[in-house]
Amino acid sequence: MRLEEAKIKLQPMLNCRLGELVTPEQMTDIIRAKGRTGQIIESLLGLDSTNGNLDFVDGELKTNKCDSSGNPLETMFITQISSRIDELLEKKDFYETLLYEKIRNLLYVPICKEGDPEDWIILPFVHVDLRKSEYTNIRLQIEKDYYYICELLKKHIETSTDGFIHTSSGELIQIRSKDSKPYTPIYSKLYKRNVSNKNHAFYFKKDFMRYINSDRY
DNA sequence: GATAGCGGAGGATCCTATTT
DNA sequence: AAATAGGATCCTCCGCTATC
């Protein structure tokens, strides 16, 4: 499925309560299973999830917890880094990274999660295509953030007391821990040792969502 | 050739300490 | 006291290997 097709399918669901769209059974455990809402949206769109790294053939879907005005209440997960740590430490070209592939063409769907799950609302989405000229500034800022974060990671590995990486932030994106027990340590071939006892991931900071919200559909 | 089960990627949010 | 930063944690899905 292409991203544009998903926009059309999503259109009638905007401003709908979750209770109107799915059964109570589908909402079971939705609080504890943090990613459930995202998976529900995927299934409502009819995504087959057999698409390699991306949700769409040409882009990615992200949902995030918001208040009723669409203000983001959390940072937004992008992708884990454990298997690609050395690419980052070598400052691989931004446009060749999985990070860029994941965020290049993004359908951002804020979900207002005030009240009971059946009353949660799918808010109007934002389509962020970083290749378009209107997003040039944001793209360049993220590129800048990326190289800066790569530098911070190296600095942490070489100078922190535990020799591990720690939260590394730019203006719009950051890397911080992301794992569950049992942890997956991050091993660097470059340094020939573990550079973290648990996995980490790229996240969008809230400022990214605030920025793109200014042109919500 | 099936099926179980394990590990890592993917769906995210929660919690506590620190800063403002 | 409220907001942000930094770290921790939760569930699901899927592919690969081990085992049937």
Side-chain angles (χ1 to χ4, degrees), chain A residues 6 10 18 22 25-56 59-67 69 71-85 87-88 97-99 101-103 106-117 120 122-123 125 145 148-149 152-153 155-157 160-188 194-211:
Chain A
L10 202 52
L18 208 53
V22 302
E25 297 78 64
Q26 288 176 285
M27 290 187 286
T28 309
D29 257 10
I30 199 167
I31 305 279
R32 219 160 35 98
K34 301 172 180 175
R36 184 64 140 270
T37 311
Q39 287 158 342
I40 286 177
I41 302 296
E42 288 182 346
S43 83
L44 283 172
L45 289 173
L47 279 171
D48 32 10
S49 82
T50 174
N51 218 357
N53 283 330
L54 293 174
D55 295 322
F56 306 120
E60 185 73 2
L61 173 73
K62 289 284 173 204
T63 68
N64 191 37
K65 184 179 185 178
C66 295
D67 67 17
S69 312
N71 297 122
L73 295 180
E74 289 296 338
T75 56
M76 192 161 66
F77 165 77
I78 302 171
T79 190
Q80 299 182 183
I81 65 165
S82 61
S83 61
R84 300 176 131 80
I85 183 69
E87 293 180 4
L88 303 179
T97 60
L98 178 62
L99 168 67
E101 187 186 354
K102 283 284 213 179
I103 66 177
L106 180 70
L107 187 60
Y108 168 63
V109 185
I111 312 285
C112 167
K113 297 193 174 177
E114 291 179 354
D116 297 331
W120 292 358
I122 301 178
L123 296 175
F125 55 75
D145 284 353
Y148 178 62
I149 288 168
L152 285 177
L153 291 179
K155 195 166 138 191
H156 280 138
I157 291 172
S160 70
T161 53
D162 56 8
F164 285 170
I165 62 173
H166 294 278
T167 298
S168 304
S169 300
E171 298 287 318
L172 298 177
I173 60 173
Q174 67 177 179
I175 279 178
R176 67 175 208 288
S177 67
K178 199 275 187 198
D179 211 336
S180 58
K181 289 175 179 168
Y183 294 147
T184 305
I186 302 180
Y187 179 81
S188 165
N194 283 352
V195 295
S196 173
N197 68 329
K198 61 175 71 68
N199 206 346
H200 281 60
F202 277 105
Y203 293 84
F204 282 116
K205 296 173 68 178
K206 288 182 194 173
D207 278 341
F208 171 83
M209 280 76 87
R210 294 188 187 114
Y211 188 101

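Letters A, B, ... mirror the listed sequences (proteins, then strands); counts begin at 1.
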Visitor: Rounded to whole Å, please give me the gap between CG in Asn71(A) and P in dA3(C).
Guide: 11 Å
Visitor: Describe the nucleic acid contact of Gly35(A) in one word from base, sugar-phosphate, nothing, applying a heavy-atom distance below 4.0 Å.
Guide: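 Here Gly35(A) touches the bases of the nucleic acid.
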Visitor: Rounding to an integer number of Å, can you tell me how far Phe202(A) CZ sits from dG6(C) P?
Guide: 16 Å
Visitor: Check ring-ring contact (aromatic ring centres under 6.0 Å, His included) between Phe208(A) and all other residues, then give those that pass, not counting sequence neighbours.
Guide: Phe204(A)
Visitor: Applying side chain to side chain contact (heavy atoms under 4.5 Å, CB included), can you list everything that pairs with Lys65(A), at least two apart in sequence or on another chain?
Guide: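 Partners of Lys65(A) by the side chain to side chain contact (heavy atoms under 4.5 Å, CB included) criterion, ordered by chain and then number, come out as Leu73(A), Lys113(A).
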Visitor: So which pairs with a foot in residues 166-179 of chain A pass salt bridge (charged side-chain N to carboxylate O under 4.0 Å, His left out), sequence neighbours left out?
Guide: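 Output for this query is empty, none listed.
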Visitor: Can you list everything that forms a salt bridge (charged side-chain N to carboxylate O under 4.0 Å, His left out) with Glu74(A)? Sequence neighbours excluded, please.
Guide: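 Testing Glu74(A) for salt bridge (charged side-chain N to carboxylate O under 4.0 Å, His left out), a comparison that skips the adjacent residues, returns none.
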Visitor: For a quick test of reading the model: is some side-chain N or O of Thr167(A) closer than 4.0 Å to OP1 or OP2 of dG7(C)?
Guide: yes
Visitor: Taking only residues two or more places apart in sequence or in another chain, which ones pass salt bridge (charged side-chain N to carboxylate O under 4.0 Å, His left out) with Asp67(A)?
Guide: none
Visitor: Sequence neighbours excluded, which residues qualify as side-chain hydrogen bond (donor to acceptor under 3.5 Å, both in side chains) partners of Arg210(A)?
Guide: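 side-chain hydrogen bond (donor to acceptor under 3.5 Å, both in side chains) list for Arg210(A), sorted by chain: Asp207(A).
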Visitor: Would you tell me if any nitrogen or oxygen in the side chain of His166(A) comes within less than 4.0 Å of OP1 or OP2 on dG6(C)?
Guide: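 For dG6(C), neither OP1 nor OP2 has a side-chain N or O of His166(A) closer than 4.0 Å.
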Visitor: Could you state the atom-to-atom distance from CG of Asn199(A) to C1' of dG7(C) in whole Å?
Guide: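 It works out to 14 Å between those atoms.
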Visitor: Which residues within residues 177-184 of chain A lie with some heavy atom under 4.0 Å of an atom in DNA chain B?
Guide: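 Under 4.0 Å from DNA chain B: Lys178(A), Thr184(A).
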Visitor: Arg32(A) side chain N/O closer than 4.0 Å to the phosphate oxygens (OP1, OP2) of dC11(C)?
Guide: yes
Visitor: Could you tell me from which nucleotide to which nucleotide of DNA chain B, 5' to 3', there is an atom under 4.0 Å from chain A heavy atoms?
Guide: dG8(B) to dC14(B)
Visitor: Salt bridge (charged side-chain N to carboxylate O under 4.0 Å, His left out) with Glu101(A): which residues, sequence neighbours excluded?
Guide: none
Visitor: Classify the nucleic acid contact of Asn64(A) as base, sugar-phosphate or nothing, counting any heavy atom under 4.0 Å across all strands shown.
Guide: sugar-phosphate
Visitor: Using distance alone, with no hydrogens and no angle criterion, decide if Thr184(A) and Asn199(A) have a side-chain donor and acceptor under 3.5 Å apart.
Guide: no
Visitor: Given atom CE of Met27(A) and atom P of dT12(C), what is their separation to the nearest angstrom?
Guide: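 Answer to the nearest Å: 16 Å.
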Visitor: Test of understanding: with side chain to side chain contact (heavy atoms under 4.5 Å, CB included), list the residues that count as partners of Ser177(A), not counting sequence neighbours.
Guide: Lys198(A), His200(A)
Visitor: Residues two or more places apart in sequence or in another chain: which of them pass side chain to side chain contact (heavy atoms under 4.5 Å, CB included) with Leu152(A)?
Guide: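 Residues passing side chain to side chain contact (heavy atoms under 4.5 Å, CB included) with Leu152(A): Tyr148(A), Ser168(A).
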Visitor: How many Å lie between NZ on Lys206(A) and P on dA5(C), as a whole number?
Guide: 8 Å
Visitor: Tell me: CD1 of Ile173(A) to C1' of dA5(C), nearest whole Å?
Guide: 16 Å
Visitor: So, do Thr79(A) and Asn53(A) sit near enough that their side-chain heavy atoms are less than 4.5 Å apart?
Guide: no
Visitor: For DNA chain B, what residues of residues 73-85 of chain A have any heavy atom nearer than 4.0 Å?
Guide: Glu74(A), Thr75(A), Phe77(A), Thr79(A), Gln80(A), Ser82(A), Ser83(A)
Visitor: What nucleic acid atoms does Tyr203(A) come within less than 4.0 Å of, heavy atoms only: base, sugar-phosphate, or nothing?
Guide: base
